[in-house]
Q: 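If you scroll down you'll find the structure; I have some questions about it.
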Amino acid sequence: MKTYRSFYKPLAIGAPTPFAEPPVALERMIHFVPPHIEKMRAKIPQMISQVDVILGNLEDAIPADEKLNAREGFIQMANENDFGSTKLWTRINSLESPWVLDDITEIVTRCGNKLDVIMLPKVNGPWDIHYLDQLLAQLEAKAGVIKPIQIHAILETAEGVNNVEAIAAASPRMHGMSLGPADLAASRGMKTTRVGGGHPDYQVLADADGDAPRTRYQQDLWHYTVAKMVDACLAAGIKPFYGPFGDFSDPAACEAQFRNSFLMGCLGTWTLHPSQIGIAKSVFSPEPEEVKFARRILEAMPDGTGAVMLDGKMQDDATWKQAKVICDLADLVISKDPDLAEAYT
């Protein structure tokens, strides 16, 4: 572990100075694009205004014989487009793969100044972050990259969940974490083939009442892990995200899973299909009535101290902090979607 004196120093001569405070950005949806498919790359100019983050995927879902084409396709789409306020990410291959070293070196040296975040899959511990941190600094210095490329870890192994606090605090490059439910389920030996969401057999029964049928209540398989990830991220000052929801035919269940994670503290989610973009935008933007009430709390308690009554409910220092979270998010949403300004005031 680095000492506090050296934590914010560049890890290579000529590398950009690490962020002391992470950049503020709206990231309600991280939209995955397979960059080896030309017709998908052709849609990027129209997609830029529709999403908060465009991610070029190089890992899972990319066939082995298309890995090199995916990397070249990502570099091409990075260099050919102006992303404006929309962020550009890539998910590289995992550190044990034969493609990852060239993923990192080629992307940073050929389009590093366009790239905001590298998503690192299957992170097991802080050592994985330290490796990528050092390598990025060396490549940034070599390529003349102006701002640090951040690291986003995917929490998708049992070992990673066990080390989540250390991962979150491993580097000033840390942007945040996402839940990776499919690989995590396999790593844990969970008995499900679903990608995110619930399972009809994961339930509790109401107490017996004579011979009456007992009511069953489906539970959330991912509640514990999301809560643990959110705590680790917020304690370290980085951002928690939900990951993929694989059933494109069930938008209601998708929305429910996204909303659960939003209420628990996640700032966004992955969207794997265009139909999920609108769901994510709706869920991870606060409700207008809640924003209006939060603004009333801030107006009634300008310095955030004391207590007031609003609509028969007591508001104090703690609820002021909750209201501030909602209002700050609303202001960030307005900066990307000005059409919501009227609804939020």
Q: For a quick test of your reading: what N or O donor-acceptor pairs under 3.5 Å do the side chains of residues 153-161 make, sequence neighbours left out?
A:
residue, atom, partner, partner atom, Å
Glu156, OE2, Lys122, N, 2.8
Thr157, OG1, Asn124, OD1, 2.7
Thr157, OG1, Gly160, N, 2.8

Q: Look only at the side chain of Asn93 and the backbone of Leu58, and say whether a donor-acceptor pair between them is shorter than 3.5 Å.
A: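 Side chain of Asn93 to backbone of Leu58: a pair is present.
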Q: Are Met264 and Tyr202 co-members of a hydrophobic cluster defined by side-chain heavy atoms under 4.5 Å apart?
A: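 Linked within one cluster.
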Q: Is Asp337 reaching over with its side chain to a backbone N or O of Asp339, donor-acceptor style, under 3.5 angstrom?
A: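 Answer holds: no.
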Q: Can you tell whether the side chains of Arg296 and Glu299 come within less than 4.0 Å, N to carboxylate O?
A: no
Q: For the pair Lys39 (side chain) and Ile37 (backbone), establish whether a donor and an acceptor sit closer than 3.5 Å, ignoring hydrogens and angles.
A: no
Q: To the nearest 0.5 angstrom, please state how far the CG atom of Asp133 sits from the CH2 atom of Trp127.
A: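 If I round to the nearest 0.5 Å, the distance is 15.5 Å.
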Q: Any side-chain heavy atom of Leu68 within less than 4.5 Å of one from Trp99?
A: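 In short, these two side chains touch, coming nearer than 4.5 Å.
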Q: With a sphere of 6.0 Å drawn around CG of Leu205, does it hold more than 12 non-hydrogen atoms of other residues, nucleotides or ligands?
A: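 More than 12 within 6.0 Å, yes.
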Q: Could you measure the distance from the CG atom of Leu55 to the CZ atom of Arg91? Nearest 0.5 Å is fine.
A: 7.5 Å
Q: Taking Asn57 for the side chain and Asp60 for the main chain, is one N or O donor matched with an acceptor at less than 3.5 Å?
A: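 Pair found, side chain donor or acceptor close to backbone of Asp60.
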Q: Below 4.5 Å, heavy atoms only, C-beta onward: do Phe32 and Pro244 meet side chain to side chain?
A: no
Q: Between Glu72 and Asn69, does a side-chain hydrogen bond (donor to acceptor under 3.5 Å, both in side chains) hold up when you go through it step by step?
A: CA-CA 5 Å; Glu72 287 299 316; Asn69 289 334; over 6 Å; no
Q: Are His31 and Trp270 close enough that their ring centres sit under 6.0 Å apart?
A: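 Centroid distance His31-Trp270: not below 6.0 Å, so no.
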Q: Give the cluster check for Leu88 versus Ile62: same hydrophobic cluster or not, with ILVMFWY residues linked at side-chain heavy-atom distances below 4.5 Å.
A: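 The answer is no; the residues belong to distinct hydrophobic clusters.
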Q: If only atom types and distance count, is the side chain of Asp247 paired as donor or acceptor with the main-chain N or O of Ser249 below 3.5 Å?
A: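 Answer holds: yes.
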Q: Looking only at the side chains, is there a donor atom on one of Lys9 and Thr17 sitting less than 3.5 Å from an acceptor on the other?
A: no
Q: Check whether Val100 and Ile118 end up in the same hydrophobic cluster, where Ile, Leu, Val, Met, Phe, Trp and Tyr are linked by side-chain heavy atoms less than 4.5 Å apart.
A: yes
Q: Going through the checks in order, is the side-chain hydrogen bond (donor to acceptor under 3.5 Å, both in side chains) test met by Ser97 and Lys67?
A: CA-CA 11 Å; Ser97 79; Lys67 293 288 189 181; over 6 Å; no
Q: How about CD1 on Ile13, more than 12 heavy atoms from neighbouring residues, nucleotides or ligands closer than 6.0 Å, or not?
A: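 No, CD1 of Ile13 has 12 or fewer neighbouring heavy atoms, counting only those of other groups under 6.0 Å.
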Q: Under 4.0 Å between a Lys/Arg side-chain N and an Asp/Glu carboxylate O for Asp116 and Lys147?
A: yes
Q: I'd like to know if Leu184 and Leu95 are part of one continuous hydrophobic network [Ile/Leu/Val/Met/Phe/Trp/Tyr, side-chain heavy atoms within less than 4.5 Å].
A: yes
Q: Would you check if the side chain of Asp250 reaches a backbone N or O of Ala253 as a donor-acceptor pair within less than 3.5 Å?
A: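 Answer holds: yes.
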Q: So, taking the atom named CE in Met177 and the one named CG in Leu179, what distance separates them when rounded to the nearest 0.5 Å?
A: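 Interatomic distance, Met177 CE to Leu179 CG, rounded to 0.5 Å: 11.5 Å.
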Q: Could you walk me through whether Asp331 and Arg295 pass salt bridge (Lys or Arg N to Asp or Glu O under 4.0 Å), step by step?
A: CA-CA 11 Å; Asp331 291 339; Arg295 293 199 191 280; 3.0 Å; yes
Q: Distance check, rounded to the nearest 0.5 Å: Glu290 atom CD versus Ile326 atom CD1?
A: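 Here the interatomic distance stands at 4.0 Å.
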Q: Let me know which of Lys281, Lys87, Arg28 forms a salt bridge (Lys or Arg N to Asp or Glu O under 4.0 Å) with Asp52.
A: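 Passing option: Arg28.
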Q: Is the shortest distance from a Lys or Arg side-chain nitrogen in Arg259 or Glu255 to a carboxylate oxygen in the other one below 4.0 Å?
A: yes
Q: Under 3.5 Å, which donor-acceptor pairs link side chains of residues 230-242 to any protein atom two or more places apart or in another chain?
A:
residue, atom, partner, partner atom, Å
Lys239, NZ, Glu27, OE1, 3.0
Tyr242, OH, Gly197, N, 3.3

Q: Check Lys321 with Asp317, please: is the shortest side-chain N to carboxylate O separation under 4.0 Å?
A: no
Q: What residue among Thr90, Ile75, Val145 forms side-chain contact (heavy atoms from CB on, under 4.5 Å) with Cys111?
A: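 Going through Thr90, Ile75, Val145 one by one, the side-chain contact (heavy atoms from CB on, under 4.5 Å) with Cys111 is satisfied by Ile75 alone.
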Q: Working to the nearest 0.5 Å, report the span between CZ of Phe284 and CG of Leu329.
A: 10.5 Å
Q: Between Ser178 and His152, is any side-chain donor less than 3.5 angstrom from a side-chain acceptor?
A: yes
Q: Pro10 versus Pro18: any side-chain heavy-atom pair under 4.5 Å?
A: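 When only atoms from C-beta onward are counted, Pro18 and Pro10 do touch, with a gap below 4.5 Å.
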Q: Would you please say whether a donor-acceptor pair under 3.5 Å links the side chains of Arg173 and Gln150?
A: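 The answer is no; no qualifying pair exists.
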Q: Strictly below 4.0 Å, N to O, side chains only: are Lys114 and Asp82 in salt-bridge contact?
A: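 Result for this pair is no, no salt bridge flagged.
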Q: Can you check whether Ala206's main-chain N or O pairs, donor with acceptor, with Arg214's side chain at less than 3.5 Å?
A: yes
Q: Any side-chain to backbone donor/acceptor pair from Ser335 onto Leu332? Under 3.5 Å, distance only.
A: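 The answer is yes, because a donor-acceptor pair under 3.5 Å joins these two groups.
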Q: Without swapping roles, check the side chain of Thr271 against the backbone of His273 for a donor-acceptor pair under 3.5 Å.
A: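 Checked: no pair found.
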Q: Quick check: do Ser261 and Thr269 have side-chain heavy atoms less than 4.5 Å from each other?
A: no
Q: Which value, rounded to the nearest 0.5 Å, describes the distance between Ile149 atom CD1 and Ile104 atom CD1?
A: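 Answer for the CD1-CD1 pair, Ile149 versus Ile104, is 10.0 Å.
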Q: Answer with yes or no whether the side chains of Arg110 and Thr105 bring together a donor and an acceptor at under 3.5 Å.
A: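 Looking only at side-chain atoms, Arg110 and Thr105 do not form any donor-acceptor pair under 3.5 Å.
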Q: Check for me, please, whether Ile277 and Phe83 land in the same ILVMFWY cluster - side-chain distances under 4.5 Å, paths through other members count.
A: yes
